[in-house]
There are 2 protein chains.
Amino acid sequence: MTKSLHSVSYASLLDILVAARHHKGLTQQVVADKLRKPQSYVAKIEGGERRLDILEFVALAKAMDIDPMTLFADVLRGIKKET
Amino acid sequence: MTKSLHSVSYASLLDILVAARHHKGLTQQVVADKLRKPQSYVAKIEGGERRLDILEFVALAKAMDIDPMTLFADVLRGIKKET
DNA sequence: TTCGGATTATCCCATAATGGGATATAGTTG
DNA sequence: CAACTATATCCCATTATGGGATAATCCGAA
C-alpha cells in the first residue's frame, strides 16, 4: 500500500464508491466492461490511484445502475461527516 | 484555440460552470482566491485545459457560494440535453 | 474611437498523473 | 491444498497539471 489518498474526504468518497458497487453485487470487471474500460481502470479509481472527473463519476454511477444524483448526495454526506 | 474538449458533454459542463460564476458576478480571480489557487487554475478549468474531480467540483461550487447539489443537478441536465 | 484598467487566456516546462495489458495477490469455495 | 474469482500492482510511454509571467480580450468612460 504505497498509495496515499489525497485527503480524508477523498477516502470517504472512495469508500462510498466501493460500498455502492458491493451493494449492487457488481465486480470491477462487470462495471469496467460497461464502461468499456479495463478492470484496472476501476481498480485504480477505487484505490485512489486515479481521480474521477465529474463526467466519469456520472458514467460510473450509471454503469452501476445508480442514479448519479443519489450517489452524489451520498458523497456529499460522506465528506461532510469526515473532514 | 488549440484546445479541444474531451466531449460534447464536457463542453456543456464548462458552459454551466462559467454561467454559474457569471451569474454570481464573480471573477476567476475572486473564486481562485477563495480556493487559494492561482487565477490560471480557474481559467484552465473553465477552458477545459484541466479536469475537475468530484471534490474539486464541490469546492468550486462552494467558492462560488452555490449549493453543490444544485450545481450538480444543472450539470446533469446539461449533459442530458447534449450528447 | 481610443485609452486604461479589469478580466481571462496562454506560455513554458519540470513534475506528476494516466492507460491498459500483463501479472501478482488476496479471497472464496469445495 | 486446488481451482477459481476478484482485486491490486507493475511498467513505462503518453499525457496532464501547477503556477508565475505575460499576452490577449473585454468593456465602459471620455
Side-chain angles (χ1 to χ4, degrees), chain A residues 1-66 71 75 78-79, chain B residues 1-66 71 75 78-79:
Chain A
M1 201 183 292
T2 311
K3 199 64 197 174
S4 76
L5 279 349
H6 298 293
S7 69
V8 185
S9 292
Y10 211 88
S12 166
L13 162 64
L14 301 183
D15 285 345
I16 290 172
L17 293 182
V18 176
R21 181 170 61 76
H22 283 165
H23 186 64
K24 285 287 184 173
L26 302 169
T27 67
Q28 294 183 335
Q29 186 67 67
V30 169
V31 174
D33 288 345
K34 290 193 181 180
L35 295 172
R36 295 173 174 292
K37 296 278 187 179
Q39 171 264 332
S40 59
Y41 170 81
V42 177
K44 286 178 180 176
I45 287 174
E46 295 185 348
E49 184 84 19
R50 183 190 181 294
R51 303 199 305 167
L52 263 185
D53 72 24
I54 313 296
L55 299 188
E56 292 175 326
F57 174 84
V58 172
L60 181 61
K62 290 181 179 173
M64 296 193 290
D65 196 38
I66 296 176
L71 191 58
V75 171
I79 65 182
Chain B
M1 201 181 294
T2 311
K3 199 65 199 174
S4 75
L5 279 348
H6 297 293
S7 69
V8 184
S9 293
Y10 212 88
S12 165
L13 162 64
L14 301 183
D15 285 345
I16 290 171
L17 293 182
V18 176
R21 181 171 60 76
H22 284 165
H23 185 64
K24 285 286 184 173
L26 301 169
T27 67
Q28 294 183 336
Q29 186 67 66
V30 169
V31 174
D33 287 345
K34 289 193 181 180
L35 295 172
R36 296 172 173 291
K37 296 278 186 178
Q39 170 264 331
S40 59
Y41 170 80
V42 177
K44 285 177 179 177
I45 287 174
E46 295 185 348
E49 184 84 19
R50 183 190 181 296
R51 305 200 303 168
L52 263 185
D53 73 23
I54 314 295
L55 299 188
E56 292 175 326
F57 173 83
V58 172
L60 181 60
K62 290 181 179 173
M64 295 194 291
D65 195 40
I66 296 176
L71 191 57
V75 171
I79 65 183

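Just so it is clear: chains get the letters A, B, ... in the order the sequence lines come, proteins before strands, and each one is counted from 1.
A salt bridge does not link A/K37 to A/E56: none of the charged nitrogens lies less than 4.0 Å from a carboxylate oxygen.
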Once each nucleotide of nucleotides 19-29 of chain C is scored for protein heavy atoms under 4.0 Å, what B/S/- sequence comes out, 5' to 3'?
BBB--------
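The minimum heavy-atom distance linking A/S7 with B/L55 is given by the pair OG-CD1, 4.1 Å. Shown here for A/Y10 and A/L52, the closest heavy-atom pair between the two residues is OH-N, 3.6 Å. Closest approach of A/A61 to A/L71, counting heavy atoms only: CB-CD2, 3.7 Å. What you find for B/I66 and B/K24 is that their closest heavy atoms are CG1-CE, 3.7 Å.
In DNA chain C, stems built from 3 or more consecutive Watson-Crick or G-U wobble pairs, each with both distances under 3.5 Å, span C:1-30 with D:1-30.
Whole-Å rounding puts the B/Q29 CD to D/dA21 C1' distance at 13 Å. In this structure, A/L26 places its CG atom 17 Å from P of D/dT5, rounding to the nearest Å. Rounded to an integer number of Å, the gap from CD of B/Q28 to P of C/dT7 is 10 Å. Rounded to whole angstrom, the span from the CG atom of A/D33 across to the P atom of D/dT5 amounts to 15 Å. In this structure, B/L35 atom CG and D/dG18 atom C1' are separated by 14 Å, rounded to whole Å. With rounding to whole Å, A/I45 atom CD1 is found 11 Å from C/dT18 atom C1'. B/D53 has its CG atom 10 Å from the P atom of D/dG18, to the nearest Å.
Note that CG of A/L60 and CZ of A/R21 are 9.5 Å apart. Values are rounded to the nearest 0.5 Å. Separating the CD1 atom in B/I79 from the CD1 atom in B/I16 is a distance of 8.0 Å, to the nearest 0.5 Å.
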Name every donor-acceptor pair, under 3.5 Å, that has one atom in a side chain of residues 38-45 of chain A and the other anywhere in the protein, sequence neighbours excluded.
unit_1, atom_1, unit_2, atom_2, d
A/Q39, NE2, A/Q28, OE1, 2.8

